[in-house]
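The first residue in the sequence is number 1, and the count goes up from there. Ligands are counted one by one from 1 in listed order, and the atoms in each one are counted from 1 as well.
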Amino acid sequence: MPSFPVETPQRAYSAIVERGILLDAARYVPPKSGRIFVVTTEDVWNHQSTALVRGLAGLPHEVLFLPGGEDNKRLAPLETLAEEMVRRQGDRTSLVIAFGGGIVNDMGGFLAAIFMRGIPVLQIPTTLLAQVDAGVGGKTGVNLAGGKNLIGSFHQPIAVLIDPGALSTLPEREYRAGLYEIIKTGIIRSAPLFRFLVEHRDAVLAREDRAVDYIIAESVSIKAEVVSADEREGDLRRILNFGHTFGHALEAETGYRRLLHGEAVAFGMRAAIHLAETTGYLSAENALEMLDAISLYGPIPPLDGVSAGNLLARLASDKKTVQGTVHFILPTSVGEVKIVGGVKSIAVLSAIQAALA
Ligand code: GLY
């Protein structure tokens with residue numbers, strides 16, 4: 001059972017990658033917990049509740065539904081759920097189980113962070129993207145009209161239970177969207193993971209157990225290591241945002257409806273790779289192999305009508321923009337990135353245009 005320690009100033013916990021772990025969920029509920037609130041979406045609950053309910057082994061729990069969809073990742077649904085928790089006698093001993101994809105992990109975690117000034121959350125991510133990224137590391141929050149995840153907090157879970165078997169019912173498009181986050185992990189910190197994705201595309205797309213277990217465990221191991229080194233993104237954790245700055249701009253520009261988060265990250269990585277090449281940080285050969293790897297798992301949905309100029313303007317409102325300076329995570333070789341500020345707008349614009357083409 002691969003179990004990866006995440007050790008932050010706020011909390012130390014494990015991210016456990018194990019087929020069937022949902023059936024053991026009760027073991028991870030602290031003994032003195034009061035009401036248990038499972039925060040999920042109807043879709044996830046319809047497909048995946050059987051294993052979790054069995055895993056809770058008779059522990060009473062309330063199920064609360066979020067609307068689902070990136071465009072509903074807003075503060076209002078959380079207020080509704082918090083009112084419901086109060087009505088159902090939630091208190092400071094309550095526990096949230098965030099059971100679903102990245103949106104549920106972010107929103108359920110944020111609900112736990114703010115309900116009665118903070119109650120524990122157990123993260124059980126059920127999509128590939130959430131298992132390798134959103135469910136681990138304690139980032140929680142919601143979107144504003146002005147940008148993605150602009151309200152939120154760091155609220156570390158008490159544990160993260162990752163069951164690769166839960167992916168068997170995941171739609172193909174969502175599975176591929178998660179694979180882009182894994183390509184990201186390979187490019188920023190693991191050449192072996194990157195090579196594996198390039199060399200074992202068919203096994204990965206066929207969701208063969210050994211391939212899926214390896215790519216998840218390697219990604220979670222890296223995420224756990226990075227978050228342990230830098231919980232609050234002062235330094236090393238920034239590398240996890242490779243592809244995200246451009247990707248968030250694209251999500252906001254397209255009203256959070258046209259692309260899945262992972263697809264937007266794929267676009268963002270393309271832009272960052274072009275930028276790294278034209279600014280001299282990355283060789284043409286390395287750039288090509290990275291772009292090819294992204295294409296191997298594509299294509300992402302068409303981006304016709306998206307304005308490069310609008311995306312450039314949106315970069316300024318990303319929360320990683322500091323006093324007007326946008327910082328980019330640029331790859332320098334497979335497994336290595338550099339944080340670069342002060343890049344000329346004209347170079348950024350042409351990287352966006354190349355990624356849109
Ligand atoms: N998704 C990026 C991070 O957790 O820091």
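- Close contacts between ligand 1 and L240 involve ligand atoms 2 (C), 3 (C), 5 (O) [criterion: under 4.0 Å to a heavy atom].
- Ring geometry, H248 versus H244: the interplanar angle exceeds 60°, so the pair is classed perpendicular (tilted spans 30 to 60°).
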>> Under the criterion ring-ring contact (aromatic ring centres under 6.0 Å, His included), I'd like the reasoning laid out for F246 against F267: C-alpha separation, chi angles, the key distance, then a yes or no.
In response: CA-CA 7 Å; F246 290 110; F267 163 81; 7.0 Å; no
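- The protein heavy-atom contact nearest to atom 4 (O) of ligand 1 is K223 NZ, 2.5 Å.
- The nearest heavy-atom contact from the protein to atom 5 (O) of ligand 1 is R237 NE, 2.7 Å.
- The shortest contact between atom 1 (N) of ligand 1 and any protein heavy atom is with D133 OD2, 2.9 Å.
- Ring-plane geometry between Y214 and F196 is classed as tilted, the angle between the planes lying from 30 to 60 degrees on a 0 to 90 degree scale.
- Checking only distances, K139 does come within under 3.5 Å of ligand 1, N or O to N or O.
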>> As a quick check of understanding, evaluate salt bridge (Lys or Arg N to Asp or Glu O under 4.0 Å) for R238 and E233, giving each step before the final call.
In response: CA-CA 6 Å; R238 294 163 77 190; E233 204 172 287; over 6 Å; no
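- Side chains of Y180 and E263: no donor on one and acceptor on the other come within 3.5 Å.
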